[in-house]
Amino acid sequence: MADQQFHPGVSLAGAVDLEALKHQVKAEPGQTGGAPAAGGYVIDVTENTFQAMVTTSATFPIVLLLWVPTDDRLFAMARALGDAVNKLNGQIQLARIDIAENPSIAQAFQVQGAPALFALIGGRPMPILQGLPSDDELQQITDTVVPKLITMAQQAGVTGTAPYSGDPDAAGDDGAKAQPESQVPPEHMEAHQLAQAGDYAGAAVAYGKVLESDPNDALAARERAKALLLARSATADVREVRAAAAAHPDDVEAQLAVADVDMIGGQIADAFDRLLDYLSAGHRADLEPVRKRLLEYFAIPEPSDERLKRARRRLATLMY
């Protein structure tokens with residue numbers, strides 16, 4: 001993206017549709033008829049995580065839903081979009097933004113109310129819809145528009161896979177749902193809240209303190225690795241990072257930076273292979289920084305992940 005900071009224009013008038021107040025409901029998580037939960041390839045984005053989301057659109061395409069999750073008129077639309085995206089297994093992601101809680105994003109997109117729908121490819125927004133769609137329009141979006149966005153992204157070289165964040169209605173790959181804040185281990189709470197607020201550097205430090213007390217805390221190790229990754233590269237300009245890595249194949253920092261971009265984009269095998277290929281190409285003097293970065297990455301996937309197993313074996317071979 002030419003301007004990674006992404007300022008499509010700001011309008012201070014009417015960012016939130018006040019009519020939505022008449023339709024607010026208080027639905028508990030998982031309550032029948034309530035707002036559909038995030039999960040799978042559906043994420044919720046805030047002002048703190050917005051720039052990181054824009055960055056990842058250079059790796060995989062994103063459908064951006066600006067909505068109010070307490071407005072019951074929007075539930076069917078959000079559910080239909082989520083179902084359509086999740087069936088595509090990471091070829092595209094649905095990012096939802098609550099414009100009542102994050103009005104500056106609504107202002108940046110110059111929307112006057114919810115819902116509004118955009119596509120985001122390579123950091124560039126494309127308007128799809130403003131206002132509630134009819135049933136036929138919604139079906140056209142899910143059946144025709146979303147697949148066309150994937151094709152457009154592929155033609156633009158945006159071919160990565162969105163990360164899977166777990167099933168909102170069933171146990172995830174590790175046999176458990178993501179923990180709500182009430183179930184976060186007490187010793188993790190400070191770090192968890194810092195991460196939720198977008199202070200990834202602070203969260204990494206706090207998770208590090210947890211690990212000092214319990215070096216075997218696998219959850220803390222995973223969350224610390226993710227926080228370190230996002231603190232370094234969440235706001236990186238993906239195109240600039242990739243161009244620098246291509247122009248400087250012997251520069252370890254350039255290769256580490258592009259591996260970070262791959263990890264954030266869910267291209268785990270690419271991140272592993274890039275750094276392992278770098279070592280195997282004869283850059284033994286850079287073994288330690290590459291090994292350290294890989295060990296961080298290794299904490300993020302599930303232990304049963306075949307990509308992780310292969311990378312561990314290959315690193316062991318390259319070290320001796």
Side-chain angles (χ1 to χ4, degrees), residues 1-8 38-66 81-82 85-86 88-98 102 105 108-109 117-126 128 146 149-166 178 195-196 198 200-201 203 222-223 225-245 256-272 274 293 296-297 300-301 307:
M1 173 169 104
D3 177 11
Q4 191 64 28
Q5 292 305 308
F6 184 54
H7 300 291
Y41 300 101
V42 180
I43 64 169
D44 288 322
V45 174
T46 68
E47 291 166 355
N48 290 324
T49 58
F50 176 75
Q51 188 58 48
M53 182 270 298
V54 173
T55 298
T56 61
S57 73
T59 302
F60 49 81
I62 296 173
V63 175
L64 189 62
L65 172 62
L66 279 66
L81 289 169
V85 165
N86 280 330
L88 293 167
N89 297 318
Q91 294 181 78
I92 194 165
Q93 182 182 74
L94 174 63
R96 311 183 308 187
I97 297 175
D98 179 352
N102 303 276
I105 297 176
F109 278 92
L117 200 63
F118 292 81
L120 202 59
I121 300 174
R124 298 186 181 280
M126 294 175 286
I128 298 174
V146 170
L149 293 174
I150 295 171
T151 300
M152 290 173 59
Q154 292 171 342
Q155 292 171 345
V158 178
T159 58
T161 301
Y164 182 76
S165 58
Q196 291 291 300
Y200 301 119
R222 177 184 299 178
E223 294 304 311
K226 289 159 58 178
L228 287 169
L229 174 63
L230 292 172
R232 284 191 303 265
S233 299
T235 60
D237 185 315
V238 174
R239 293 185 179 181
E240 288 184 3
V241 169
R242 293 199 183 283
L256 291 171
V258 78
D260 273 0
V261 165
D262 285 338
M263 285 296 293
I264 290 173
Q267 297 171 297
I268 293 175
D270 289 347
F272 289 169
R274 178 180 295 277
R293 185 64 55 84
E296 283 183 16
Y297 292 169
I300 295 175
R307 297 167 297 183

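One is the number of the first residue; the rest follow in order along the sequence. What you see is a predicted model; the values in this text were computed from it and never measured. In what follows, every heavy atom counts, from backbone to side chain, and hydrogens, waters and symmetry copies are set aside.
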Nearest 0.5 Å, please: how far is [atom2] in [Y] from [atom1] in [X]?
{"X": "Tyr41", "Y": "Asn89", "atom1": "OH", "atom2": "CG", "value": "5.5 Å"}
{"X": "Leu88", "Y": "Asn86", "atom1": "CG", "atom2": "CG", "value": "9.0 Å"}
{"X": "Met263", "Y": "Ile268", "atom1": "CE", "atom2": "CD1", "value": "5.0 Å"}

Side-chain donor-acceptor pair under 3.5 Å between Asp260 and Tyr297, yes or no?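 There is such a pair between these side chains.
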Can you confirm whether [X] sits close enough to [Y] that some side-chain heavy atom of one is under 4.5 Å from a side-chain heavy atom of the other?
{"X": "Ile62", "Y": "Met53", "answer": "yes"}
{"X": "Arg274", "Y": "Val261", "answer": "no"}
{"X": "Ile43", "Y": "Arg96", "answer": "no"}
{"X": "Met152", "Y": "Met126", "answer": "yes"}
{"X": "Leu64", "Y": "Pro125", "answer": "no"}
{"X": "Arg232", "Y": "Arg293", "answer": "yes"}

Taking all heavy atoms of [X] and all of [Y], pick out the closest pair and write down the distance.
{"X": "Ala271", "Y": "Ala259", "result": "CB-O, 3.5 Å"}
{"X": "Ala38", "Y": "Asp44", "result": "CB-OD2, 3.6 Å"}
{"X": "Ile300", "Y": "Ala225", "result": "CG1-CB, 3.8 Å"}
{"X": "Phe50", "Y": "Val45", "result": "CA-CG1, 3.6 Å"}
{"X": "Leu66", "Y": "Phe118", "result": "CD1-CD1, 4.3 Å"}
{"X": "Phe272", "Y": "Pro301", "result": "CZ-CG, 4.2 Å"}

Before giving the answer on side chain to side chain contact (heavy atoms under 4.5 Å, CB included), spell out for Glu223 and Leu228 the whole-Å C-alpha distance, their side-chain angles and the decisive distance to 0.1 Å. CA-CA 9 Å; Glu223 294 304 311; Leu228 287 169; over 6 Å; no
Identify, with sequence neighbours excluded, every residue that meets side-chain contact (heavy atoms from CB on, under 4.5 Å) alongside [X].
{"X": "Val63", "value": "Ile92, Leu94, Leu117, Val146, Leu149"}
{"X": "Ala244", "value": "none"}
{"X": "Gln154", "value": "Gln91, Ile150, Thr159"}
{"X": "Ala52", "value": "Ala234"}

Within the side chain of Thr49, is there an N or O that forms a donor-acceptor pair under 3.5 Å with the backbone of Thr46? yes
Side-chain donor or acceptor of Thr55 paired with backbone N/O of Gln51 under 3.5 Å: yes
Gln93: side-chain hydrogen bond (donor to acceptor under 3.5 Å, both in side chains) partners, not counting sequence neighbours: none
Under the rule for salt bridge (charged side-chain N to carboxylate O under 4.0 Å, His left out), what residues qualify as partners of Asp270, not counting sequence neighbours? none
Check step by step if side chain to side chain contact (heavy atoms under 4.5 Å, CB included) holds for Glu47 and Ile105. CA-CA 7 Å; Glu47 291 166 355; Ile105 297 176; 4.0 Å; yes
